[in-house]
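Just below is one structure, and these are the notes that go with it.
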Amino acid sequence: MVNRRKFIKASALSSMALSFGKVAACNSQSFPVKGKAVVISTWDAGLRANKAAWEVLKDGGRALDAVEKGVMVTENEQNCCVGLGANPDRDGFVTLDACIMDEFSNCGSVAFLERIKHPVSVARRVMEKTPHVMLVGSGAQQFAVAEGFPLEEQKLSPDAQKNYDNWLKKSEYKPPAINVESKQGHGPFAPYKLENGEWNHDTIGMIAMDANGNLSGSCTTSGAGFKMRGRLGDSPIIGAGLFVDNEVGACTATGQGEDVIRVAGSHTVVELMRQGLSPEKACKTAIERIMRIKGEKAKDIQVGFLAVNKKGEVGAFAIHKGFSYAIKTNSVEEMVNSKYIME
Ligand code: SD4
């Protein structure tokens, strides 16, 4: 198990400095250059997901394949809040959302999907095999089964069952948004600490640039634990939880989805990069916009953006301290603490 602390770098090292500029800078004028691939993804589980993505990228594979393979690792992890091992909605059912987008602006998405292990792969099939972008609920499940995805048993993981039983004691719909100990809260429900010391999150967003300089992204989530049945956040919504424009850059979001949707978060960040802002400045500007809208209430929510531009510069920004992301290139593999506005 990777020791997270070992990999965390001070935020001073983040974004600009990390811009895997270090990797790309000497060739910046001729970027993209073969071998300058990079993958970034949100939260601690990103380290393991990036490894799988890298297996694709290191051999010159396509970014689209990397971002699917990468987050499938997280969807598989039973102790993680992504995938079928995740916390259920308040009626006790795990419902999953995911999306994927490639360098041609093809995109696919599924939401409110039950009993299917790999929503990101179903999202890819929606993109590749239907004339649509988004399938939801029983229709998405029907499509998945028709495509050969097994219908899994409707059963909570041991962790999720424990959490749900605890939650049922009070059935409070509005617990603290920010986990005081970790400061990593990010939605109606704070994350909890795993035995290995990691903080558990219900979402992973991933962006990859392949050796040809093409960008793709994916985002997969169980949404907020104990959410209202039928609730969707930003993660499966193209332009909110994820946006890729192969001419400009890509962004993924995490945190309180309702507030990401409100500003079409990931699309906004990409548009700001199009205007010439660095990834970090673009993320910060979008965060400030959310904070302006929320006013006083901004202190109760967490939102984080993670972006990359076409030059291969990476940046992130969050409302609160505690958002981190994983990065992997052929010379860097680490967790980075995002910059933030509030302690
Ligand atoms: C949602 N944005 O469903 C997701 C939750 C999340 O880390 O990102 N949690 O609103």
Side-chain angles (χ1 to χ4, degrees), residues 40-46 49 71 74-75 77 80-83 85-90 93-99 109-113 119-120 123 136 163 173-179 182-194 198-207 217-243 251-269 283 286-287 290 294 300-306 316-326 338 340:
I40 49 178
S41 55
T42 57
W43 305 114
D44 291 6
V71 303
T74 322
E75 287 179 340
E77 289 177 352
C80 187
C81 279
V82 175
N87 287 331
D89 64 17
R90 65 185 189 181
F93 302 104
V94 176
T95 72
L96 305 176
D97 313 322
C99 71
S109 163
V110 288
F112 196 43
L113 178 63
V120 71
V136 305
N163 295 340
Y173 196 55
K174 248 184 154 291
I178 304 297
N179 179 308
S182 71
K183 299 265 179 52
Q184 291 197 7
H186 55 86
F189 293 84
Y192 66 99
K193 207 170 192 170
L194 300 175
E198 279 187 17
W199 286 96
N200 209 354
H201 285 275
D202 43 47
T203 304
I204 181 166
M206 175 177 276
I207 299 166
S218 62
C219 189
T220 180
T221 188
S222 60
F226 321 114
K227 61 198 174 188
M228 272 178 78
R229 188 146 176 80
R231 177 264 184 195
L232 296 184
D234 58 316
S235 305
I237 298 177
I238 298 296
L242 176 73
F243 195 69
C251 177
T252 188
T254 188
Q256 182 120 321
E258 285 74 5
D259 294 307
V260 175
I261 294 171
R262 228 180 281 294
V263 297
S266 291
H267 180 261
T268 293
V269 170
C283 292
I287 288 291
I290 293 174
K294 297 299 282 185
D300 298 328
I301 60 157
Q302 174 66 311
V303 171
F305 291 114
L306 172 61
F317 224 90
I319 297 179
H320 288 278
K321 185 176 177 178
F323 172 45
S324 57
Y325 65 91
S338 163
Y340 53 88

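Reckoned from all heavy atoms, side chains included, excluding hydrogens, waters and symmetry mates. Counting starts at 1 for both ligands and their atoms, following the listed order.
- By the 3.5 Å distance cut-off applied to N or O atoms, Gln256 is not counted among the residues near ligand 1.
- Inclusion of Gly223 in the set of residues having an N or O under 3.5 Å from an N or O of ligand 1 is not warranted.
- If you take NZ on Lys321 and CD on Gln302, they are separated by 12.0 Å, rounding to the nearest 0.5 Å.
- Separation of atoms OH (Tyr340) and CZ (Phe323) is listed at 14.0 Å; rounding is to 0.5 Å.
- Every atom of ligand 1 is numbered from 1 in the order shown, and the set under 4.0 Å from a heavy atom of Thr203 is 4 (C), 5 (C), 6 (C), 7 (O), 8 (O), 9 (N).
- Of all atoms in ligand 1, numbered sequentially from 1 with element shown, those under 4.0 Å from a heavy atom of Thr254 are 6 (C), 7 (O), 8 (O), 9 (N).
- Inclusion of Asp202 in the set of residues having an N or O under 3.5 Å from an N or O of ligand 1 is warranted.
- The structure places CD of Gln256 at 10.0 Å from CD1 of Ile290, a figure rounded to the nearest 0.5 Å.
- Every residue two or more places apart in sequence or in another chain that forms a side-chain contact (heavy atoms from CB on, under 4.5 Å) with Ile237 is listed here: Met134, Ala240, Ile261.
- Remark: distances from the non-hydrogen atoms of Gln302 to ligand 1 are all 4.0 Å or more.
- Below 3.5 Å of separation, one finds no N or O of Ala253 facing any N or O of ligand 1.
- Annotation: salt bridge (Lys or Arg N to Asp or Glu O under 4.0 Å) contacts of Arg229 (sequence neighbours excluded): Asp89, Glu114.
- Here SG of Cys251 is found 6.0 Å from CD1 of Ile207. Values are rounded to the nearest 0.5 Å.
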